[in-house]
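Below you will find the structure I want to go over with you.
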Amino acid sequence: MKEYDHKKIEKKWQNVWDKNKTYQAKDFSKKPKYFSLIEFPYPSGDGLHVGHPRSYVGMDIISRKRRLQGFNVLYPIGWDAFGLPTENFAIKTGKDPRVVTKKNTDNFRRQIKSLGISFDWSREINTTDPKYYKWTQWIFLQFLKKGLAYKAKMTINWCPKDKTGLANEEVVGGLCERCGTPVEKREKEQWMLAITKYADRLDKDLDTVDYLPQIKLAQRNWIGRSEGAEIDFKIVIPTRTPGVRVFTTRPDTIFGATYLVLAPEHELVKELKDKIKNWSEVEKYIKEVKNKTDIERTSTDKVKTGIELKGIKAINPANKEEISIWIADYVLPHYGTGAIMAVPADDIRDKEFAEKFKLPIVENYQKAGFEDFGKKITKFKLRDWVFSRQRYWGEPIPVVHCKKCGIVPVPERDLPVELPKVKNYEPTDSGESPLANITKWVNTKCPKCKGRALRETDTMPNWAGSSWYYLRYTDPKNKKTFANKKNLKYWLGSDPATGGVNWYNGGNEHTTLHLLYSRFWHKFLFDLKLVPTAEPYKKRTSHGMILGEGGVKMSKSLGNVINPDEMVKIYGADTLRVYEMFMGPFSQSVAWSTESIIGSRRFIEKVWRIGVKVSTQKNSSALPASGLRHGPNFSVPKLSKLLNKTIKKVTEDIEGMYFNTAISSMMILATEMEKACLSSGTTENIELEDYKKFLQILSPFAPHVTEELWSMLGEKKSINLSSWPKEDKSLMEDEEIKIVVQINGKFRTEIMIRADDDEEKIKKEALSDETVLKHILGKTVKKVIYVKNRLINIVV
RNA sequence: GCCCGGAUGGCGGAAUUGGUAUACGCGCACGACUUAAAAUCGUGUCUCGUAAGGGAUGUGGGUUCGACUCCCACUCCGGGCACCA
């Protein structure tokens, strides 16, 4: 018998598909289009993680199914290659990030290709390619033009020893990850993007997209829309106008407000410095707060801290009572107005604070109307996006600073502003990007006045390139624009309300930031009439992580990292694909088990054995013509029925991403098929057409082996060019149905009924069943509940 | 701490969304084939009990004829928390 040689088969078909451009999407086609998307990977030096294929295979199954369903499918991939790990590697080794990136992407490409994912490699993109980031910079200039990119002072993490700014990730327990020095906060001018201008629409438009409910919820919570009121409190000591404005979601409780709390950073504190009698204490407290994170500050289980601003008082506008003013770290400067009115009778945090500092608590106060003392206002938790990085490996922000003209955008014709080569990748001592050291590059001419000017040395965050990459796939080589409008209209759809990438799958960990940022960019481009749809993604799902054996995180330090190359080598890509889809529910994290992968291999081998038998007997004339078969083991109808049920199940399960149960049902079918062969010694019990349908529904999961078997059965064209089978309902109906009989909700027995029996007849039958009679002997039957085609429960 | 998930046999998980808990797979045991091994196939495999029957879906309560599924309170685990991607 012909052996299953995964190495030969997989290599062979990967070459054929490549040569025939089987998976290349065609711009414009009579077929309906389908745009399926995965999050393009960051090409890390560690190579592909077994978690990557999970997402890629999942969407590959969807994409392959869509092709068989007659769609013109775009399933692209690229590299999100700017970022910290490559930069830190460069700092450590002195190697050019370009060289490192090239090496890593080459490795990733080879690994992904070995899995037989149906990506359209002709559209491969790379965020670090100047031809790509030219357009990232161009989009930034549009933000600048519309006033949505601006500069503001922000606090950053600062390591006083290394003299560099640090990313949050590089701060471990308040210490610098590299040298262990306590990290300080510093103020620095940063480029910002005004995402808050889009907050309302980012929230509202979630109603128009098909995201998993928990993804929508996560987005909504992040945006944090809430309705409240802004109320002005007069400062009476010292007399000052204007007073202080607070934001509250409960303006109705104003009669219970017994003191005010300001964020320690509130400008009023600095302004009234001279009037605050206990300034030295206040100053000390402000310093302490400065190095705390927002999480530490707002944690509700820590002891409340704060300090009164002695010597200044405010007036509650509702009851005209004089109240004290405090500062406390649990009030954050960037939410609301950075000031609250405290109603200890009604708010747990205010109550804790009042109890600790012995502040008055008024329990039974008069309720006010919503807008009696202030103005209704909608507030968002969402903050503007800090868009500057003092780093090397990112897109240079394309502006110049001119003493005469101020900030001047680089003219669009001069894009891209290419990242120059440097010798040293470390940030400078002053905390500037390493680009600041290249005087030749920094010194330039002002595009406006032609005078001397300096280039901006900040670069963009990694999120920039990934905020619009899906658009570039529709027209990846365009030199005139980021993507042709016609292409965008074709691939995203022309209806602003319903169009977008058809299906976008990614990690749970991206359901807030990346997803929100790219929705923001897309909406901005939509407003400029540069993209045809209001939302980038019509549908969004997410997959869980693959953990190491035993459910711990897979990491180098734990030594439990699984190399996909090795799995492909030993078991084959098809087995790895099937295993990753079978190991657990797609949406949840699941632990890897090398011991278990053998089950998927056995399944593929079973399919292979049946196929080899079917093909050899088909080619020998020993097999009687279809429809003329007889014999004691004649079980074609039974198998056909199971096949049709399986087609239905697999068709539906793929849509819900229930890949594990789809595979389970195909395993059952394969087992039954093989049994049918064994019982008769031939494959006469398997209809050739049935077996082919089985191969078709399996092909999205295991594309190589099914393609090989397909051709062994005499098919000249690729299985990719066939059409998705449809179940035959007439072959699926059961005339006899098994009904469970329960007594008081406990399983007792089962009876067979005919599909057309009426309820009374079934109940009667159940009550006259031997086992039932035994159990209800001497008891009164109170009630008989019948659930159609399922069960009967007798209550006694 | 806050937000979003999750918890079912020795292990990964299934359960038509309120209707036979443990499908499918791994592992294990036994059997067939084999000189033997591997592969493959078959049988068994939650638990107590000889059986009849009882118990079990993280914990404690509740709703219901009936709860893994719904409600309330808790425990533990994973992800996110704005400069990791």
Side-chain angles (χ1 to χ4, degrees), chain A residues 39 41-42 44 80 82-85 88 154 156-157 165-171 190 195 213-215 217-218 220-222 224 293-302 334 381-391 461-463 466 507-514 516-517 542 544-545 547 549-553 579 582-585 587-600 602-603 605-606 609 649 652 658 660-661 663-668 671 674-675 678 738-750 782-785 787 790-796:
Chain A
E39 284 164 351
Y42 176 75
S44 114
D80 187 15
F82 275 129
L84 263 191
N88 285 338
M154 297 300 296
I156 61 160
N157 299 308
L166 296 174
N168 283 350
E169 199 199 40
E170 297 173 296
V171 181
Q190 304 273 40
I195 189 171
Q214 66 266 28
I215 298 178
L217 192 59
R220 287 222 152 91
N221 286 336
W222 191 261
T293 65
D294 284 2
I295 297 171
E296 286 163 347
R297 287 174 64 160
T298 52
S299 169
T300 50
D301 74 346
K302 64 141 206 172
H334 43 67
K381 282 212 181 78
L382 186 68
R383 310 204 290 259
D384 275 347
W385 176 2
V386 183
F387 200 68
S388 285
R389 301 289 183 274
Q390 288 73 50
R391 294 286 185 164
N462 179 270
W463 307 106
S466 62
N508 281 314
E509 68 276 20
H510 292 291
T511 48
T512 45
L513 293 180
H514 159 66
L516 201 66
Y517 289 153
S542 48
M545 294 207 314
L547 304 168
E549 307 239 2
V552 289
K553 208 173 167 168
Y579 175 61
F582 180 66
M583 63 198 297
S587 61
Q588 277 162 44
S589 54
V590 61
W592 179 269
S593 164
T594 301
E595 201 179 59
S596 298
I597 195 172
I598 191 70
S600 302
R602 284 179 189 149
F603 166 60
E605 284 178 1
K606 188 177 284 182
R609 284 197 303 272
K649 172 121 182 100
E652 288 169 0
Y658 307 124
N660 52 337
T661 50
I663 291 169
S664 148
S665 70
M666 288 190 284
M667 282 173 167
I668 294 169
T671 303
E674 186 160 58
K675 266 191 202 162
L678 287 168
K738 194 173 71 182
I739 293 277
V740 165
V741 182
Q742 296 183 333
I743 294 167
N744 287 346
K746 276 217 151 63
F747 169 83
R748 291 301 168 189
T749 186
E750 49 196 35
K782 269 196 206 156
K783 210 171 165 188
V784 180
I785 294 149
V787 182
R790 202 155 303 265
L791 64 65
I792 285 187
N793 189 14
I794 301 162
V795 187
V796 295

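All figures in this text were calculated on a predicted structure; none of them were measured in a lab. Throughout, protein chains are lettered first and strands after them, A, B, ... in sequence-line order, and every chain is numbered starting at 1.
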- Message: Is it the case that B:rU40 (base atoms only) and A:Arg609 (side chain only) share a donor and an acceptor within less than 3.5 Å, ignoring hydrogens and angles?
- Response: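 Under the 3.5 Å cut-off, the side chain and the base do not form any donor-acceptor pair.
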
- With sugar-phosphate meaning primed atoms plus P, OP1 and OP2, does A:Pro585 contact a base, only sugar-phosphate, or nothing at under 4.0 Å between heavy atoms?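 The answer is sugar-phosphate, as A:Pro585 gets under 4.0 Å only of primed atoms, P, OP1 or OP2.
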
- Query: Reckon A:Asp80 touches a base, only the sugar-phosphate, or nothing at all at heavy-atom distances under 4.0 Å?
  - Reply: sugar-phosphate

- Message: Base, sugar-phosphate or nothing for A:Glu509? Non-hydrogen atoms, less than 4.0 Å.
- Response: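 Counting heavy atoms under 4.0 Å across all strands, the contact made by A:Glu509 includes a base.
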
- Taking for each residue the nucleotide of RNA chain B with the nearest heavy atom, is it A:Gly745 or A:Val787 whose nucleotide lies nearer the 5' end? A:Val787

- Per the atom types in the model, does the base of B:rC3 pair as donor or acceptor with the side chain of A:Asn221 at under 3.5 Å?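 No such pair is found, so the answer is no.
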
- Quick one: on RNA chain B, does A:Lys746 or A:Lys738 contact a more 5' nucleotide (nearest heavy atom)? A:Lys738

- Message: As a test of the definition: with a 90° window around 0 for syn, would you call B:rG10 syn or anti?
- Response: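 Base orientation: anti.
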
- Item | Nucleotide nearest A:Trp463 (side chain, heavy atoms from C-beta), chosen from B:rA85, B:rC4, B:rA14 | B:rA85

- Name the nucleic acid region contacted by A:Ile156, choosing base, sugar-phosphate or nothing; use a 4.0 angstrom heavy-atom cut-off, strictly under. base

- Message: Side chain of A:Ala167, heavy atoms from C-beta onward: which of B:rC26, B:rC84, B:rG12 has the nearest atom to it?
- Response: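 Shortest atom-to-atom distance from the side chain points to B:rC84.
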
- How is A:Gln742 classified with respect to the nucleic acid when contacts are heavy atoms under 4.0 Å: base, sugar-phosphate, or nothing?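 Touches a base.
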
